[in-house]
Amino acid sequence: MFKILEKRELAPSIKLFVIEAPLVAKKARPGQFVMLRIKEGGERIPLTIADYNSENGTVTIVFQEVGKTTRELGTLEAGDYIQDFVGPLGVPVEFPNHKKVLGIGGGLGIAPLYPKLKMLHQQGVEVVSIIGARTAELLILEEEIKAVSDRMYICTDDGSKGRHGFVTVVLKELLEQGEKFDEIIIIGPPILMKIGSEITKPYGIPTMVSLNPIMVDGTGMCGGCRVTVDGEIKFACVDGPAFDGHKVDFDELIKRLATYKEEEKISLERFNEVHECKLINKIEGVDKDAVK
Ligand SMILES: Cc1cc2nc3c(=O)[nH]c(=O)nc-3n(C[C@H](O)[C@H](O)[C@H](O)COP(=O)(O)OP(=O)(O)OC[C@H]3O[C@@H](n4cnc5c(N)ncnc54)[C@H](O)[C@@H]3O)c2cc1C
Ligand code: FES
């Protein structure tokens, strides 16, 4: 069992947990993730290690409540426990000999971007970052990204903070102005990673993306997470999740992510029904545990 030491709400429906997990924290490296299961019988979901402290034995995760499991996770509080917290999984990222890197994070993608930029900053690499969200309210980890960046741009789709428009607008501008980078990291919704990679390709700048296919075991046993990279099948959980954005088949990834849409919807509706019943029972003073 893994204790939640701290809970923070970063934005509506986006939560940060600091989890006590010394063994994971000891081995964690930027680019890796964990598979967690809230309780017996629950599903296993992958979440990126957004930060870790090997001395304190803590691992930070940031998640968005998009469906049943993440919604249920969001109901837990500091002091509660998570049944399984397996990791670190996936291949750590490395940036040998880099001098200047551009990091781009869209929406929730800012969380997995953070540990990579933090490591680069600690290595003395010049870090430029562009972070964006739909609205100012949904922008997360701004202070954390700023602390590890030499220069930071903020974009919002509705113009409520920073530049009005997508992060790719600033990316295009920097490249058109002739700014050079040893590598560009783009993490966010698959469509952002796809368009961003298309923008950087003609400039020949290595572009790293972090893929988020559906995962089951997270250890290379099932192929649920398979993606096509450079015409070859790869398992994102053991070969990634970071890949060369110029070689990823994003259209296939986007299609595969929609595979279980109907089942996910039904599962969330069931979860909401039970929780609404619990709420009514509380109000009426009925034993809430009687509702399963
Ligand atoms: C390597 C990896 C790292 C990830 N890191 C994070 C993270 O740090 N924070 C975070 O909030 N999420 C992260 N995800 C996505 C996260 O695993 C899903 O949001 C979660 O599994 C959804 O479960 P659910 O039961 O709440 O929703 P579901 O009911 O399963 O899904 C609800 C909606 O979310 C979409 N969805 C489901 N699974 C994924 C997925 N794997 N990626 C993208 N969209 C999905 C579905 O299409 C659906 O529309 C990561 C995924 C991978 C593969
Ligand atoms: S999740 Fe099963 S092989 Fe990757």
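All ligand and atom numbering here is 1-based and tracks the order in the structure.
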Engineer: Find the distance between OG1 (T168) and NZ (K194) and round it off to the nearest 0.5 Å.
Structural biologist: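 T168 atom OG1 to K194 atom NZ measures 13.5 Å (nearest 0.5 Å).
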Engineer: What is the number of protein N, O or S atoms that sit under 2.8 Å away from atom 4 (Fe) of ligand 2?
Structural biologist: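 With waters ignored, the protein N/O/S count below 2.8 Å is 2.
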Engineer: Flag the pair Y203 / F181 as yes when their ring centroid distance falls below 6.0 Å, and as no otherwise.
Structural biologist: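 Between Y203 and F181, the centre distance exceeds or equals 6.0 Å.
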Engineer: Shortest non-hydrogen contact from R29 to Y52?
Structural biologist: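 Minimum heavy-atom contact is CA-OH, 3.8 Å.
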Engineer: Take K68 and E43 through the salt bridge (charged side-chain N to carboxylate O under 4.0 Å, His left out) test and state the conclusion after the steps.
Structural biologist: CA-CA 10 Å; K68 183 206 173 239; E43 69 168 347; over 6 Å; no
Engineer: Strictly below 4.0 Å, N to O, side chains only: are K100 and E179 in salt-bridge contact?
Structural biologist: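 Counted as a salt bridge, because a side-chain N and a carboxylate O are separated by less than 4.0 Å.
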Engineer: Got a salt bridge between E72 and K39, using NZ or NE/NH1/NH2 to carboxylate O under 4.0 Å?
Structural biologist: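 Result for this pair is yes, salt bridge flagged.
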